[in-house]
Every structure is written in structure tokens, then in C-alpha cells.
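Below is one structure, written out as C-alpha cells; the observations come after it.
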Amino acid sequence: MCDFSFQMRPEANIMYFKLNRKFVMRLSRYFLPLMKETPADAQIISHRLMHRAGLIHKTSAGIYSWLPLGLRVLENIERIVREEQDRIGNHYIKMSTIQPADLWIESGRYDAYGKEMLRIKDRHDRDFLYGPTNEEQVTDIVRTHLKSYKDLPLNLYQIQWKFRDEIRPRFGVMRGREFLMKDGYSFDINFESAKKTYQDIFQSYLRTFRRLGLTAIPVQADSGAIGGNMSHEFQILAETGESTVYYDKRYEELANSSHIDFEELSSLYAVDSEKHDPATCPVPEDQLLIKKGIEVGHIFYFGTKYSAAMGLKVTGSDGKPFHPEMGSYGIGVSRLVGAIIEASHDDKGIIWPEAVAPFKVMIIDLVNSDDATSSMGCQLHKALISMGIDVLYDDRDERPGVKFATADLIGIPYHVIVGKRSTETGLVELKHRKTGQVQEMTIDHVIEKFKKDKS
RNA sequence: CGGGGUGUAGCGUAGCCUGGUAUCGCGCUUGCUUUGGGAGCAAGAGGCCGGAGGUUCGAAUCCUCUCACCCCGACCA
């Protein structure tokens with residue numbers, strides 16, 4: 001048993017001490033309901049793995065609760081998305097999930113939205129809805145507080161739960177009815193400024209997805225009556241994707257280059273199967289890639305559609321009121337958890353990209369009963385935690401095979417294996433989940449390695 | 001919403017056609033042995049068979065209704 005002198009309640013199934021803002025996570029006390037067998041209703045790999053690895057619990061069709069390990073991933077994604085939003089000067093807000101129907105009647109979408117919208121009545125028989133999206137609501141907020149062109153451009157975003165009563169939810173969190181989404185809304189003084197905003201966000205999205213360990217292909221999407229290239233879907237490539245993406249080979253090199261050029265990227269050919277026409281496709285056949293994609297982001301410019309319908313006006317520099325130009329920008333945060341697994345797994349389980357992994361390191365202590373061995377695991381555990389690294393310590397009384405299988409299944413990027421041999425040689429094994437590479441080294445060496453990683 | 005299918009212990013399942021109060025595996029509990037890739041033996045705990053009604057001496061099984069869930073299609077971050 002790993003003895004932390006400052007621990008309060010070793011038996012408690014709670015986080016019980018805090019050091020450098022990291023908590024001790026002993027697997028024997030962690031709430032991680034693993035499953036050897038897959039629930040019969042899970043069809044695709046990410047859904048199965050999410051259940052088996054104890055990430056989620058199904059509440060109802062297309063509605064999930066997030067368990068500790070899954071929530072850590074969800075919040076890591078959320079954090080990265082926020083950091084990238086804040087970096088380009090967008091403002092973080094949180095709108096209510098429940099909205100009055102009146103707002104939607106104003107925009108004309110209350111009837112247009114149909115059964116996908118979850119409609120609710122309160123005790124006074126007034127009509128409300130659980131928000132499927134928030135254009136009306138944000139427009140309402142802005143119209144009451146925004147008065148002058150000097151307040152523009154403005155971009156408000158939130159990360160909030162939404163509900164769309166899909167006819168047929170499927171694929172777990174990838175097509176749920178309740179889902180967590182980053183939705184942002186921009187307000188600009190004119191088209192030129194709106195275009196600049198759009199481009200900034202386009203680039204920011206590519207950076208965001210890259211940080212999440214993904215390659216996203218921005219695919220031209222319908223921009224309705226406005227036309228032009230002012231609507232893009234961001235697709236990440238995975239065999240189980242629902243859409244088929246046709247795109248120029250050059251995308252992959254450009255998307256991975258250090259600087260992102262909007263004009264260059266958006267001029268390349270990338271469309272979905274509906275838009276692809278071999279007759280008019282400008283890309284030679286040997287340079288055209290056809291892959292399955294999962295849509296994880298969608299951005300579009302829609303001009304004054306809502307500002308006009310809902311009477312959002314500000315005073316211009318000429319003293320006259322005008323309707324700001326708007327756009328909206330979504331990232332499917334909860335969907336990304338599934339999408340990342342689709343893009344990154346093997347037959348043993350999940351392989352988390354480091355940036356979103358629930359823990360960075362898993363210490364696999366093979367012989368807990370052995371004092372010397374467990375103290376090696378402990379020593380490392382304490383050292384890594386004090387460095388601010390998230391560590392999950394497998395101190396369970398289980399056989400080695402079970403521990404290895406668990407570590408592989410839940411996909412922690414680095415495994416440190418402390419075994420009987422370690423006490424004799426003073427060496428532990430550092431294993432990289434993704435490559436399977438194993439190196440023997442001393443504990444100090446492991447600590448050094450992660451120190452370097454951090455800097 | 002149209003078409004197809006499934007509800008039996010926490011999970012995966014047998015039994016249903018041919019009615020007689022439920023099978024097996026995993027997991028869980030206890031003990032002993034084991035310990036570098038999901039251990040072995042032994043002893044246990046756990047199920048008003050999705051729900052309601054009906055047929056019958058008797059229903060997991062047959063009939064009717066209902067609810068939930070899954071798959072294929074059209075829609076969507």
C-alpha cells in the first residue's frame with residue numbers, strides 16, 4: 001500500500017489530498033467500471049470502447065452520463081477549445097439551456113425547427129424549449145446591451161449542453177440527442193470585417209484540432225443564399241465516418257505545416273459526396289483522396305439574418321443604425337471524444353492523444369504486497385504528481401495480465417511498469433502506449449524524461 | 001417517420017416453435033493456491049423472465065395492448 005503521510009482517508013472513494021493541484025488517483029479507489037464484454041447495443045468501436053473503458057453510462061437513447069475517466073477527457077477537450085477561443089479574443093459566456101419560445105417565434109424558427117426541438121411547458125403553461133442552438137438567444141443578449149459600432153467586432157462563445165431530438169440517435173456520443181458543443185457567435189460592422197472574423201476562426205479551428213491530435217479537413221459546405229466560400233465543415237478522417245470526403249492530396253501537407261493560410265487552404269478542393277462531381281472536379285485523379293470523415297466542426301457566415309429578424313441594431317459612425325453582420329461557429333465537444341477514439345485506437349483499446357488523455361502516466365505496480373516494489377511505485381507517483389503530471393496508480397490486487405489489459409484499454413499514453421525485477425535492478429519499464437516501445441530506466445530517469453517533456 | 005429486430009442477474013446469453021416457476025459464461029463475495037499479458041479449485045450471493053391484461057389447473061414460453069432499446073433508410077455538431 002502506497003503510504004502518503006498526509007493522506008486523510010485512505011479508504012475513501014474520493015480524492016483525498018491535493019498537491020500542486022493534482023490529486024492522488026489510486027485505481028483501487030477510483031470509480032472505473034470496466035467491462036470485459038461489450039453491451040449489445042454498442043455498434044461502432046468508439047462506442048464500445050467508451051463503455052468498456054468506463055467513460056460513460058447510458059441514461060437513455062442518445063443521452064449519456066459522464067463517468068470520472070470520460071469526464072476528464074471531455075474537460076481536457078473543453079479546456080483546449082477554450083484556450084484557442086480565448087487566444088483569438090472571443091468572450092466566454094454561458095447561456096441558459098432553457099429558452100423561451102418567444103425568441104424563436106421572433107426569428108421565425110419556432111415552427112421551422114420541427115420535432116427535433118424539445119418543447120417544454122412550465123407550470124403557467126408558457127412555452128419553453130431546451131436549446132438546440134443559440135442564435136436567437138445570443139442575438140437577444142447582444143441587442144439589449146450593444147449600442148454602438150465601437151463595440152464591434154464582438155465574438156461570444158459558450159460551451160454548453162444542447163438537445164436535439166434526433167429521429168435516430170446512434171453511435172453513442174457521436175450522434176447523441178444531448179451533446180456538449182462549443183458555439184460561438186460573431187458580430188461585425190460590415191462584410192469585410194465579418195470575412196476577416198470568419199478567416200480568423202477558420203485558422204483557429206485548424207489549430208484547435210491539431211492540438212487535439214487530429215487532422216481536420218475543412219470541407220466546403222452549403223452557405224445558402226449568401227454563396228461564396230463562407231461555410232466550412234471540419235471533418236476528421238476515420239474509417240467509420242458518416243460522410244465521404246473528396247479532397248486534394250495537398251491538404252495533408254498544408255494542414256500540417258506550421259503556418260496556416262486561409263486563402264491557400266480554402267482554395268483547395270475539398271467537398272463531401274453530395275457536392276462531388278467527377279465531371280467538374282479540378283483535381284487530377286491521382287491527386288484526389290477519398291476518405292470517410294466525421295464532422296466535428298462547422299462554421300458559417302449568415303449576414304444579417306438574425307440581426308434583421310430580431311431587431312438587433314447599433315449606431316454606426318454616421319449616426320445611423322444598422323444591423324451587424326453575424327456568423328456562427330460550432331465544435332462538437334462531446335462528439336470529439338468518440339471521434340478521437342475512432343481515429344486513434346487499436347485492437348487492445350483506446351490510444352489517447354497526449355493532449356486529451358485523462359492521465360498522462362499510468363503506474364502499473366505488479367507486486368503490491370512487496371514493500372520495496374510498492375515503494376518504488378509510490379516514490380515515482382509522488383514525484384510525478386508534485387511535477388503537476390496526472391498519474392493513475394494501479395495499486396489493485398490483480399494479476400499482471402489484468403493490469404496490462406486495463407492500461408491498454410483505457411489508453412493512457414505512458415505506462416510505467418514496476419515489477420519484482422525492479423527491486424533487484426532498480427530499473428522500471430517505461431512503455432509508450434501508441435508505439436508499444438519499452439525502455440528500461442531508473443525512476444530518476446523517468447522523472448527527468450517527464451521534466452523535459454513539460455518544458 | 002417507414003422497414004426489420006430485441007427485451008431473461010451488473011454484462012454477455014440458453015430456454016420460447018413443442019406451456020410445468022430459469023441455463024451457461026464473465027463479473028461480485030469468502031477461503032486456499034497462484035502471480036510479467038484478462039489464473040485454478042471450492043463454497044456462496046444475486047432474477048417479481050420490460051410492463052399491463054387475457055387464455056390455461058399452470059405462462060419466460062401462447063394471444064392482445066403497451067413501453068423501452070437496437071439495426072437499415074431520409075435529417076443533423
Side-chain angles (χ1 to χ4, degrees), chain A residues 33-44 47-48 51-52 54 57-63 77 81 112-117 131-135 159-184 205 209 216 219 221-222 231-236 241-243 272 274 293-300 328-339 347-349 364-370 373 394 396-410 415 417-422 428-429 431 436 438 440:
Chain A
L34 300 171
M35 273 186 267
K36 216 184 264 186
E37 271 162 311
T38 315
D41 57 9
Q43 296 298 313
I44 62 167
H47 193 192
R48 291 181 178 183
H51 270 119
R52 288 194 49 214
H57 173 87
K58 185 167 89 174
T59 302
S60 177
I63 302 177
I77 295 171
V81 168
Y113 221 88
K115 288 194 168 177
E116 244 189 38
M117 180 186 279
T133 179
N134 298 62
E135 280 83 4
I159 294 175
Q160 180 62 291
W161 293 95
K162 312 264 192 295
F163 193 91
R164 291 182 193 168
D165 201 355
E166 298 277 346
I167 295 164
R168 184 154 89 87
R170 61 184 123 168
F171 305 147
V173 299
M174 293 234 289
R175 174 78 65 86
R177 293 193 291 171
E178 188 181 54
F179 55 97
L180 188 63
M181 181 179 170
K182 189 287 292 185
D183 49 326
Y205 267 37
F209 293 126
V219 175
D222 269 326
S231 178
H232 286 88
E233 286 177 0
F234 290 79
Q235 302 270 355
I236 68 165
E242 288 187 85
S243 24
D272 65 14
E274 272 182 26
I294 301 167
E295 185 187 350
V296 291
H298 196 165
I299 60 178
F300 45 93
S328 77
Y329 316 89
I331 291 178
V333 175
S334 50
R335 168 179 282 190
L336 271 164
V337 179
D347 56 347
K348 288 178 180 159
I364 302 172
D365 201 335
L366 290 181
V367 195
N368 306 307
S369 55
D370 185 297
T373 315
D394 190 350
R396 294 175 302 171
D397 184 21
E398 286 287 357
R399 298 166 59 82
V402 174
K403 294 193 173 195
F404 292 138
T406 298
D408 288 337
L409 174 64
I410 66 176
H415 305 167
I417 301 152
V418 183
K420 223 171 207 166
R421 288 204 299 262
S422 305
V428 297
E429 286 163 47
K431 182 178 167 188
V438 180
E440 279 199 301

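So you know, we letter chains A, B, ... as the sequences are listed, proteins then strands, and number each from 1.
Rounded to a whole angstrom, the distance from the P atom of C70(B) to that of U8(B) is 14 Å. Nucleotides C62(B) and G5(B) are separated by 15 Å at their P atoms, to the nearest Å. Between the P atoms of A22(B) and C49(B), the separation comes to 11 Å (whole Å). Rounded to whole Å, the C1' atom of C67(B) lies 14 Å from the corresponding atom of G53(B). Here, U35(B) and C72(B) have their P atoms 47 Å apart, quoted to the whole Å. Rounded to the nearest Å, the gap between the C1' atom of A74(B) and that of G15(B) is 39 Å. Across the C1' atoms, U13(B) and C24(B) are found 8 Å apart, a figure rounded to whole Å. The gap from the C1' atom of C16(B) to that of U21(B) amounts to 15 Å, rounded to the nearest Å.
By the 5.5 Å and 30° criteria, F179(A) is stacked with the base of A77(B).
With respect to R421(A) and E429(A), a salt bridge is recorded, a charged nitrogen being found less than 4.0 Å from a carboxylate O. At a threshold of 4.0 Å, the pair K403(A)-D365(A) does not count as salt-bridged, since none of the basic side-chain nitrogens sits closer than that to a carboxylate oxygen. Look at D183(A) and K162(A) and you find a salt bridge, because one of the NZ, NE, NH1 or NH2 atoms lies within 4.0 Å of a carboxylate O, short of that distance. A salt bridge is defined here as a Lys NZ or Arg NE, NH1 or NH2 lying under 4.0 Å from an Asp or Glu carboxylate O, and E37(A) with R52(A) fails to meet this definition.
Residue D183(A) is classed as having no contact, given no heavy-atom separation below 4.0 Å to the nucleic acid. As judged by a 4.0 angstrom heavy-atom cut-off over every strand, V333(A) is placed among residues making no nucleic acid contact. In this structure, G349(A) reaches neither bases nor backbone, as no heavy-atom distance under 4.0 Å exists between it and the strands shown. Nucleic acid contact class of S334(A) (heavy atoms, under 4.0 Å, all strands): none.
For the pair R399(A) CZ and G27(B) C1', the interatomic distance rounds to 16 Å; values are reported in whole Å. Regarding E242(A), its CD atom lies at a distance of 11 Å from the P atom of C71(B), rounded to whole Å. Distance CG (D394(A)) to P (U35(B)): 19 Å, rounded to an integer number of Å. A straight line from CD of E295(A) to P of A77(B) spans 5 Å, rounded to a whole angstrom. If you measure from atom CG of D397(A) to atom P of A39(B), you get 13 Å, rounded to the nearest angstrom. Atom pair E398(A):CD and U35(B):P shows a separation of 16 Å (rounding to whole Å applied). Following rounding to the nearest Å, E116(A) (CD) and C1(B) (C1') show an atom-to-atom distance of 13 Å. Regarding I63(A), its CD1 atom lies at a distance of 13 Å from the C1' atom of C69(B), rounded to whole Å.
With hydrogens and angles left out, the side chain of R52(A) and the base of G27(B) share no donor-acceptor pair within 3.5 Å. A donor and an acceptor atom sit less than 3.5 Å apart, one in the side chain of K431(A) and one in the base of G37(B).
The nucleotide whose nearest atom lies closest to any side-chain atom of K58(A) is, among C69(B), A74(B), G36(B), C69(B). Considering only the side chain of R421(A), G36(B) comes nearest among A74(B), A39(B), G36(B). The side chain of E37(A) lies closest to G25(B), out of G25(B), C71(B), C76(B). In the set C69(B), C76(B), C11(B), the nucleotide with an atom closest to the side chain of M35(A) is C11(B).
Put simply, the side chain of K431(A) reaches to within 4.5 Å of the side chain of D408(A), judged on heavy atoms. Looking at heavy atoms from C-beta onward, F163(A) lies out of side-chain contact with M117(A) at the 4.5 angstrom threshold.
With no hydrogens or angles considered, a side-chain donor-acceptor pair links Q235(A) and S243(A) at under 3.5 Å.
Distances shown here put a side-chain N or O of R168(A) below 4.0 Å from the OP1 or OP2 atom of C71(B). Listed pair K36(A) / G38(B) fails the phosphate criterion, with no side-chain N or O lying under 4.0 Å from OP1 or OP2. Look at K115(A) and you'll find a side-chain N or O under 4.0 angstrom from OP1 or OP2 of C1(B). Under 4.0 angstrom from either OP1 or OP2 of A77(B) there lies no side-chain N or O belonging to T133(A). Taking only side-chain nitrogens and oxygens, R164(A) never comes nearer than 4.0 Å to OP1 or OP2 of C76(B).
Between P400(A) and I331(A), the residue whose closest nucleotide on RNA chain B is further toward the 5' end is P400(A). Taking the nucleotide of RNA chain B with the nearest heavy atom to each of E429(A) and E166(A), the more 5' of the two is matched to E429(A).
Evaluated for a side chain to side chain contact (heavy atoms under 4.5 Å, CB included) with K58(A), the options V173(A), I63(A), D41(A) yield exactly one hit, D41(A).
A distance-only check finds no donor-acceptor pair linking the side chain of K182(A) to the backbone of V81(A) [under 3.5 Å].
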Evaluation steps, side-chain contact (heavy atoms from CB on, under 4.5 Å), between I331(A) and H298(A): CA-CA 7 Å; I331(A) 291 178; H298(A) 196 165; over 6 Å; no
Pairing annotation in dot-bracket form, given for RNA chain B with Watson-Crick or G-U pairs under 3.5 Å and | for cross-strand partners: ((((((((.[[[..)....(...]]].((((((.....)))))).....[[[[[..)....]]]]])))))))....
